[in-house]
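Inspection log for the structure reproduced underneath, given as structure tokens.
Not measured: the values here are computed from a predicted model.
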Amino acid sequence: MLTVFGSVALDTIRTPTRILRNTLGGAATYAAISASFFERPGLVAVVGYDFPNQYQSILDRFADTRGVVRAHGKTFRYDGSYDQTLTYRTTNKTELNVLKNFKPVVPEQYRKSQFVYLANNDPAQNVKILREFDKVKFSMCDTIEFWISTRRNDVIKMMSRVDSVVINDEEAKLLTKTHNLIKAARKIMEWGTKYVIIKKGEHGSLLFYDDMVFPSPAFSMENIVDPTGAGDSFAGGMIGYLSSKNSTKLSTIKEASVYGNIMGSFAVEKYGVYGITRLKRSIIRKRFNRYRKMVHF
Ligand code: AMP
């Protein structure tokens with residue numbers, strides 16, 4: 001079984017073509033939806049009483065939501081703007097709200113999960129929740145600039161407790177205080193994790209393990225409208241695939257990173273979560289096969 005823990009949000013996303021206000025977002029939302037095409041995950045998260053029922057129904061459709069708690073207060077909110085090229089995102093506001101004092105509890109039914117994804121979330125909460133599982137075979141975490149800037153030590157501690165770290169290139173550089181991605185990955189591995197996957201947006205990803213690096217290009221896309229959640233969809237696809245195979249073999253992890261790129265490519269094609277909510281397994285498979293042809297030489 002797979003458990004995903006992290007933020008469920010109401011996002012305001014400002015792209016050059018459209019502004020979305022209070023749309024369903026959150027790192028765990030994207031990751032859980034993406035993972036569900038490989039294996040239905042259990043979701044642990046907190047929302048406020050303002051969380052719309054229609055969004056709750058979306059979560060229910062893709063995940064086991066017995067771990068989603070409703071707390072007094074407002075749902076976590078994120079507000080970000082993209083530049084004209086959709087390459088850079090500026091955070092305008094992060095309101096933790098109910099996330100701030102959340103004490104996550106893993107439902108009894110999820111405790112046997114062997115695969116655990118700690119989506120972008122309070123790093124101290126992420127470390128705590130990891131202890132609540134009986135026997136984790138493979139754990140993975142992500143983080144974002146907000147936590148690196150405000151809680152760097154907790155982020156490093158979290159990275160020392162997991163089997164793998166997925167992180168985007170800019171955040172890896174910021175966290176490790178280096179400009180070179182190989183050095184950045186090595187540093188993160190020195191903190192204790194075995195695998196580091198650096199996401200490079202439209203340029204794909206690099207998977208590091210020991211002295212090895214496995215690059216995989218992004219699926220080439222012409223029409224991108226909203227990159228939000230691409231990283232989380234990447235991670236969700238990756239861990240969902242691993243969990244569905246119940247494997248942590250290096251060859252499976254490499255395949256999983258390709259599925260990560262594929263899921264990220266769907267996320268950016270539509271606004272908000274709708275790039276991945278309307279998918280089917282057959283469409284994912286088809287794109288995976290096209291990708292395989294694309295990279296073969
Ligand atoms: P990505 O585009 O993959 O980096 O993920 C964007 C998602 O992360 C958005 O839907 C936000 O709601 C969520 N997010 C942004 N900042 C934070 C934060 N500090 N903690 C948790 N989740 C966040």
Subject >> salt bridge (charged side-chain N to carboxylate O under 4.0 Å, His left out) evaluation trace for Asp122 with Arg151 >> reply: CA-CA 9 Å; Asp122 180 329; Arg151 307 266 290 282; 2.7 Å; yes
Subject >> Asp79 side chain reached by Arg14 side chain, heavy atoms, under 4.5 Å >> reply: yes
**OP:** Over all heavy atoms of both residues, which pair between Ala28 and Leu43 is shortest? Give the atoms and the distance, please.
**Re:** CB-CD1, 3.8 Å
**OP:** List the atom of Ala45, the atom of Val8, and the distance in Å for their closest heavy-atom pair.
**Re:** CB-CG2, 3.5 Å
**OP:** Let me see the working for Ile188 and Ile167 under side-chain contact (heavy atoms from CB on, under 4.5 Å), right down to the final yes or no.
**Re:** CA-CA 10 Å; Ile188 298 172; Ile167 186 165; 4.3 Å; yes
**OP:** State yes or no: are the ring centers of Tyr259 and Phe38 separated by less than 6.0 Å?
**Re:** yes
**OP:** Salt-bridge test for Glu171 and Lys173: reply yes if a basic N is under 4.0 Å from a carboxylate O, no otherwise.
**Re:** no
Original post:
Does atom CG of Asp134 have more than 12 heavy-atom neighbours from other groups under 6.0 Å away?
Top reply: yes
Original post:
Would you call Arg287 and Glu269 a salt bridge, using N to O less than 4.0 angstrom?
Top reply: yes
Original post:
Would you say Asp210's side chain and Met212's backbone share a donor-acceptor pair under 3.5 angstrom?
Top reply: no
Subject >> Greater than 12 external heavy atoms within 6.0 Å of Lys157's NZ >> reply: no
**OP:** Decide yes or no for Tyr55 and Thr23: does some side-chain heavy atom of the first lie under 4.5 Å from some side-chain heavy atom of the second?
**Re:** yes
Original post:
So, the side chain of Asn246 versus the backbone of Leu242: is there a donor-acceptor pair under 3.5 Å, distance only?
Top reply: no
Subject >> Cationic N near anionic O, under 4.0 Å, Arg21 to Asp11 >> reply: no
Original post:
Short question: side chain of Ser139, backbone of Val116 - any donor-acceptor pair under 3.5 Å?
Top reply: no
Subject >> Enclosure of Tyr209 OH (heavy-atom neighbours >12, cutoff 6.0 Å) >> reply: no
Original post:
Can a salt bridge be assigned to the pair Lys194 and Asp163 using a cut-off of 4.0 Å between side-chain N and carboxylate O?
Top reply: yes
Subject >> Carboxylate-amine/guanidinium contact Asp50 Lys74, below 4.0 Å >> reply: no
Original post:
Do Thr178 and Asn180 meet the criterion of a side-chain donor-acceptor pair at a distance under 3.5 Å?
Top reply: no
**OP:** Indicate yes or no for a side-chain donor-acceptor contact from Gln125 to the backbone of Phe102 under 3.5 Å, with no hydrogens or angles considered.
**Re:** yes
Subject >> Tyr88 atom OH, over 12 foreign heavy atoms within 6.0 Å >> reply: no
**OP:** Kindly indicate whether the side chain of Val47, heavy atoms from C-beta on, has any atom under 4.5 Å from the side chain of Val98.
**Re:** no
Subject >> Distance-only side-chain donor-acceptor flag, Asn121 / Asn126, under 3.5 Å >> reply: yes
Original post:
Would you say Arg77 and Asn22 make side-chain contact, with heavy atoms under 4.5 Å?
Top reply: yes
**OP:** To the nearest 0.5 Å, tell me how far Arg152 CZ sits from Thr143 OG1.
**Re:** 11.5 Å
Original post:
Considering all heavy atoms of both residues, which atom of Ser233 and which atom of Ser34 are nearest to each other, and what is their separation?
Top reply: O-OG, 2.7 Å
**OP:** Run the numbers on Ile253 and Phe214 for side-chain contact (heavy atoms from CB on, under 4.5 Å), then give the verdict.
**Re:** CA-CA 10 Å; Ile253 294 175; Phe214 175 69; over 6 Å; no
Original post:
Counting distance only, does the side-chain N/O of Tyr110 pair as donor-acceptor with the main-chain N or O of Gly67 below 3.5 Å?
Top reply: yes
Original post:
Out of curiosity, does Ile262 fall in the hydrophobic cluster containing Ile283 (side-chain heavy atoms, cut-off under 4.5 Å, transitive links)?
Top reply: yes
Subject >> Option passing side-chain hydrogen bond (donor to acceptor under 3.5 Å, both in side chains) with Tyr82 (candidates Thr90, Thr228, Thr87, Thr15) >> reply: Thr228
Original post:
Where the side chain of Thr252 meets the backbone of Thr248, is there a donor-acceptor pair that is under 3.5 Å apart?
Top reply: no
Original post:
Does the side chain of Asn120 pick up a donor-acceptor pair with the side chain of Trp147 at under 3.5 Å?
Top reply: yes
Original post:
Do side-chain atoms of Ser243 reach the backbone of Ile239 as a donor and acceptor pair under 3.5 angstrom?
Top reply: no
**OP:** List the steps, then state whether side-chain contact (heavy atoms from CB on, under 4.5 Å) holds for Leu118 with Leu130.
**Re:** CA-CA 8 Å; Leu118 307 170; Leu130 208 47; 4.2 Å; yes
Original post:
Quick one: does Thr193's side chain have a donor or acceptor within less than 3.5 Å of a partner on Met189's backbone?
Top reply: no
**OP:** Flag the pair Val268 / Glu202 as yes when at least one side-chain heavy-atom distance between them is below 4.5 Å, and no otherwise.
**Re:** no
Subject >> Side chain proximity check, Arg70 to Gln56, heavy atoms < 4.5 angstrom >> reply: yes
Original post:
Listed by chain and number, what are the side-chain hydrogen bond (donor to acceptor under 3.5 Å, both in side chains) partners of Tyr195, not counting sequence neighbours?
Top reply: none
**OP:** Heavy atoms only: give me the nearest Tyr117-Leu2 pair and the separation to one decimal.
**Re:** N-CD1, 4.4 Å
Original post:
Would Tyr49 and Leu96 show up in the same hydrophobic cluster when neighbours are defined by side-chain heavy atoms closer than 4.5 Å?
Top reply: no
**OP:** Decide, yes or no, whether a salt bridge links Lys187 with Glu190 under the criterion of side-chain N to carboxylate O below 4.0 Å.
**Re:** no
Subject >> Smallest separation among heavy atoms of Tyr274 and Lys270, with atom names >> reply: C-CB, 3.8 Å
**OP:** Report the distance from atom CZ of Arg161 to atom CD1 of Ile156, rounding to the nearest 0.5 Å.
**Re:** 12.5 Å
Original post:
Do the side-chain N and O atoms of Ser216 and Ser205 include a donor-acceptor pair separated by under 3.5 angstrom?
Top reply: yes
Original post:
Heavy-atom count around Ile182 CD1 within 6.0 Å, excluding the residue itself: above 12?
Top reply: no
**OP:** Answer yes or no on whether Arg290 is positioned over the face of Phe219, meaning its NZ or CZ is under 6.0 Å from the six-membered ring centre and within 45° of the axis.
**Re:** no
Original post:
Roughly how far apart are Phe5 CZ and Cys141 SG, rounded to 0.5 Å?
Top reply: 12.5 Å
Subject >> Nearest heavy atoms of Thr17 and Tyr271, plus distance in Å >> reply: OG1-OH, 2.7 Å
**OP:** Mind checking the CD-CZ spacing from Glu39 to Phe115? Nearest 0.5 Å is all I need.
**Re:** 8.0 Å
Original post:
Just wondering, more than 12 heavy atoms not from Lys245 lying within 6.0 Å of its NZ?
Top reply: no
Original post:
Can you check whether Lys93's main-chain N or O pairs, donor with acceptor, with Thr91's side chain at less than 3.5 Å?
Top reply: no
Subject >> Interatomic spacing from CZ in Arg186 to CG in Leu181 - rounded to 0.5 Å >> reply: 12.0 Å
**OP:** Report yes if some heavy atom in the side chain of Phe208 is under 4.5 Å from a heavy atom in the side chain of Ile197; otherwise report no.
**Re:** no
**OP:** Return yes if some donor-acceptor pair links the side-chain N/O of Arg40 with the main-chain N/O of Arg61 below 3.5 Å, else return no.
**Re:** yes
Subject >> Separation of Arg89 CZ from Ile144 CD1 (nearest 0.5 Å) >> reply: 5.0 Å
**OP:** Could you tell me whether Asp232 and Lys199 make a salt bridge, using a distance below 4.0 angstrom between a side-chain N and a carboxylate O?
**Re:** no
**OP:** Assess whether side-chain contact (heavy atoms from CB on, under 4.5 Å) is satisfied between Met238 and Met140, documenting all intermediate values.
**Re:** CA-CA 10 Å; Met238 210 180 149; Met140 189 183 227; 3.5 Å; yes
Original post:
Would you call Lys183 and Thr176 a side-chain contact if the rule is heavy atoms closer than 4.5 Å?
Top reply: no
